[in-house]
Amino acid sequence: MAFWETKTAEVDVDDTPLNINDLNVNTINDDDDATQDVDLIPAPPAISSMAVVRRDLPLYTGVLALGILPFINYATLLSILDLDPKTLFLCSSIIRTLYFSVLAILTVYLGAQRQDIGMTQAPVGTKNAIVAPIFAGVTLGLLYALIKYTDLDPGTLYRVFASLFGFICFGEILQPVIGLSPLGGSLVEVMEGQNGEEVEVETADDEERLPEGMTTPTIGESQSDTQKFRAASLPAAILALICVALYLITVASPSLTQSLPTLRTVATTNNYLANSIALASLGQIAIESYVAGALLLIGLFAYDALSVFKSDAMLTVATQIEAPVKLLFSGVQLPVEGNYPFAVLGLGDILVPGIFVAMLRQWDVDRYWEANRESLLPSPIVEVEEEKEKPLFDLSALTNFFNTNPEPVVAETPVTSTAVEVIVDDDGPSLDLFADAPTPYFNTGLIGYTVGLAATFLVLFSTGKGQPALFYIVPSLLISSLGTAAYRGEMSELIGFKGARARDAGIAQEAAKEERERAKELAQELEDEEMVAGFAAFNERKAESKRSKEEQE
């Protein structure tokens with residue numbers, strides 16, 4: 001078994017501005033406590049979510065438009081062609097398959113690029129990759145047992161929590177899209193009208209800090225984009241709330257399987273929430289290394305195959321628990337009584353391959369950033385400062401509930417990431433450092449995912465039985481990534497790759513954990529001191545009472 005060391009990066013702090021090329025880092029070897037200088041690649045800086053969404057705004061708009069397809073009554077449209085029932089069913093199946101395929105591929109493509117926002121808060125290391133299939137199997141087994149052998153309904157609570165998460169994620173996806181639409185400027189004008197003056201971007205103060213797990217502040221964000229982003233917060237929240245409410249009302253309808261409009265409404269609202277969860281999650285879950293990614297894929301490959309081919313656990317849980325953790329598509333006719341009314345593509349078949357493809361893109365971006373730092377940032381300045389603890393309840397966060405663009409403050413934990421001061425046009429677009437980055441591994445990873453997904457649907461059509469998508473996608477991803485490395489002569493570099501963003505997120509999480517433990521220990525020490533002082537005071541009062549009683553006697 002290989003043991004991977006966690007290396008802590010340090011930055012020397014003084015009052016002199018540093019050029020980004022002068023940034024040196026040290027690593028601490030936990031085995032011999034020896035400190036030595038090494039050249040770790042600094043994590044690429046975070047950029048505005050407005051810049052990331054602007055890069056592919058037509059595709060984001062297309063994903064939102066594509067979400068309407070499950071709501072369309074294809075039976076009525078196809079009836080114009082006077083098709084027989086068998087042909088009608090075939091046409092419906094083709095539409096459904098194309099919908100699932102295009103939406104899944106777009107989600108992986110867009111979600112992987114959302115890691116440029118710098119919100120990595122869930123780094124997946126080797127140990128996590130090994131444990132993930134075991135945890136998934138235990139969870140699936142427990143849900144299966146509850147459904148199969150008890151009268152308990154685990155679906156309701158699961159649905160509520162998943163819907164709440166979907167509400168947050170859908171708002172997060174909608175906010176920059178609305179801000180970049182023609183409506184964005186109008187919303188800013190409305191805000192200025194309400195305030196009676198121009199809306200200005202507040203600068204960060206010492207009380208603010210980055211979200212836990214995020215190690216680089218957002219750089220190069222224009223004031224215009226910030227204003228539009230914040231102005232779009234309320235409309236995004238309202239639309240997300242309407243979607244969640246409509247989903248929860250219709251999915252709980254007693255006539256769910258007796259009404260095609262109800263089935264189509266459930267599928268449409270469910271898919272908006274589920275797809276948003278996938279997009280947001282892909283932007284925050286980062287694999288630390290290629291080895292960890294390969295282990296994760298292989299473990300979940302076995303889990304998926306065993307759950308489908310060797311038992312009915314996966315099928316039972318997927319069809320008995322309704323929650324926005326899968327993509328749905330209803331048929332053109334009401335289902336036969338007892339049959340599940342939807343075709344399904346599990347969210348795991350998008351998320352698991354997606355985070356691996358995102359890791360391949362990070363491999364591309366890390367190398368691009370390392371090779372082009374000077375040209376991308378002509379006059380960078382690195383500043384590292386100490387930060388104060390943020391209050392537990394910060395009411396100012398309510399004004400921007402879905403904000404994924406933190407204020408430009410510096411990270412509390414010393415890491416190799418760089419806090420770079422960049423001047424941009426206040427009225428222009430935010431800086432997009434990675435729009436032109438060459439991404440050969442990302443591109444071949446997407447092709448591998450597409451081939452694996454196509455193989456899944458091909459076998460599904462030929463056998464008429466549900467298929468474990470990861471059974472076909474995992475080999476395709478591994479072959480495409482390793483094949484690209486072999487062709488480019490970079491096999492050892494790919495195998496040894498460790499993502500800078502995931503690395504720094506892991507360091508930040510460890511530091512935050514140590515900080516919480518220190519605070520807990522301090523609180524315990526204070527509690528012990530107070531207890532000792534209390535006992536001392538009690539004994540003193542007891543002794544005083546005894547002396548007073550003796551004097552009276």
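Not measured: the values here are computed from a predicted model. Count residues from 1 along the sequence.
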request  = Could you please spell out the steps behind the salt bridge (charged side-chain N to carboxylate O under 4.0 Å, His left out) verdict for Lys326 and Asp349?
outcome  = CA-CA 9 Å; Lys326 52 190 175 183; Asp349 299 329; over 6 Å; no

key: Shortest non-hydrogen separation from Val53 to Pro176 and the atoms involved   = CG2-CG, 3.6 Å

ask   = Taking it one step at a time, do Thr226 and Met50 satisfy side-chain contact (heavy atoms from CB on, under 4.5 Å)?
value = CA-CA 8 Å; Thr226 303; Met50 295 287 277; over 6 Å; no

ask   = Is any side-chain heavy atom of Leu66 less than 4.5 Å from a side-chain heavy atom of Val102?
value = yes

message = When you compare the side chain of Ser163 with that of Pro324, does any pair of heavy atoms fall below 4.5 Å?
response = yes

ask   = Is there a salt bridge (charged side-chain N to carboxylate O under 4.0 Å, His left out) between Arg114 and Glu172 once you walk through the steps?
value = CA-CA 11 Å; Arg114 292 183 65 83; Glu172 180 181 320; 3.3 Å; yes

message = Do Pro44 and Leu433 have side chains that approach each other closer than 4.5 Å (heavy atoms only, starting at C-beta)?
response = no

inquiry  = Side chains of Tyr441 and Glu490: any donor to acceptor distance under 3.5 Å?
reply    = yes

message = As an exercise, state the distance from CZ of Phe497 to CZ of Arg367, rounded to the nearest 0.5 Å.
response = 9.0 Å

ask   = Could you state the interatomic distance from OG (Ser289) to CD (Gln362), rounded to the nearest 0.5 Å?
value = 13.5 Å

key: Donor + acceptor pair across side chains of Tyr290, Ser481 (<3.5 Å)   = yes

query = Backbone N or O of Ile285 within a donor-acceptor pair of the Gln115 side chain at under 3.5 Å?
reply = yes

task = Start with the C-alpha gap between Ile355 and Leu296, add the side-chain angles, then the distance that decides, and say whether side-chain contact (heavy atoms from CB on, under 4.5 Å) holds.
result = CA-CA 10 Å; Ile355 61 176; Leu296 180 68; 3.5 Å; yes

query = Do Tyr99 and Asn271 have a side chain donor and acceptor closer than 3.5 Å?
reply = yes

query = Do the side chains of Arg55 and Ile47 get nearer than 4.5 Å, heavy atoms only?
reply = yes

message = Between Asp364 and Pro440, is there a side-chain heavy-atom distance shorter than 4.5 Å?
response = yes

key: Non-hydrogen side-chain atoms of Leu69 and Ile95 separated by less than 4.5 Å   = no

Evaluation steps, side-chain contact (heavy atoms from CB on, under 4.5 Å), between Leu300 and Val474 = CA-CA 9 Å; Leu300 291 175; Val474 168; over 6 Å; no

message = For Ile105 versus Leu446, what's the shortest heavy-atom pair and its separation?
response = O-CD2, 4.3 Å

ask   = Any sub-3.5 Å donor-acceptor pair from Ser281's side-chain atoms to Ala278's backbone N or O?
value = no

ask   = Would the number of heavy atoms belonging to other residues, nucleotides or ligands and lying under 6.0 Å from OH of Tyr158 be above 12?
value = no

ask   = Which heavy atom of Val266 sits nearest a heavy atom of Tyr247, and at what distance?
value = O-CD1, 4.0 Å

Backbone of Thr126 reached by a side-chain donor or acceptor of Glu288 within 3.5 Å = no

inquiry  = Quick check for you: to the nearest 0.5 Å, what is the distance between Thr268 atom OG1 and Leu328 atom CG?
reply    = 9.5 Å

ask   = Of the non-hydrogen atoms in Ser181 and Ile178, which two are nearest, and what is the gap between them?
value = OG-O, 2.6 Å

inquiry  = Do Ser480 and Thr444 pair up side chain to side chain, a donor and an acceptor below 3.5 Å, judged on atom types alone?
reply    = no

ask   = Can you tell me if Ser430 uses its side chain to pair, donor with acceptor, with the backbone of Glu221 under 3.5 Å?
value = no

task = Determine whether Thr61 and Pro58 make a side-chain contact, defined as any pair of heavy atoms from C-beta on separated by less than 4.5 Å.
result = no

task = Taking all heavy atoms of Val357 and all of Gly445, pick out the closest pair and write down the distance.
result = CG2-O, 4.0 Å

message = The test is ring-ring contact (aromatic ring centres under 6.0 Å, His included); show your working for Tyr272 and Phe170 and say whether it passes.
response = CA-CA 7 Å; Tyr272 274 123; Phe170 194 26; 5.6 Å; yes

message = A side-chain contact here means heavy atoms from C-beta on lying under 4.5 Å apart; do Phe329 and Val344 qualify?
response = no

key: Parallel, tilted or perpendicular: ring planes of Phe442 versus Tyr109, cut at 30 and 60 degrees   = parallel

note = Between the CG atom in Leu273 and the CG atom in Leu327, the distance rounded to the nearest 0.5 Å is 11.0 Å

task = Go through Phe434 and Tyr368 one step at a time and tell me if the side-chain contact (heavy atoms from CB on, under 4.5 Å) criterion holds.
result = CA-CA 8 Å; Phe434 312 113; Tyr368 174 74; 4.2 Å; yes

inquiry  = On a heavy-atom basis, which atom in Ala162 and which in Ala323 lie closest, and how many Å separate them?
reply    = CB-CB, 4.2 Å

query = What is the distance from atom CZ of Arg488 to atom CD of Glu493, rounded to the nearest 0.5 Å?
reply = 10.0 Å

query = Is a side-chain N or O of Ser233 found less than 3.5 angstrom from the main chain of Phe229, in a donor-acceptor match?
reply = no

note = Interatomic distance, CG@Leu351 vs CG@Leu282, rounded to 0.5 Å, equals 5.0 Å

request  = Evaluate salt bridge (charged side-chain N to carboxylate O under 4.0 Å, His left out) for Asp116 paired with Arg361, printing each intermediate quantity in order.
outcome  = CA-CA 10 Å; Asp116 290 344; Arg361 185 177 181 277; 2.9 Å; yes

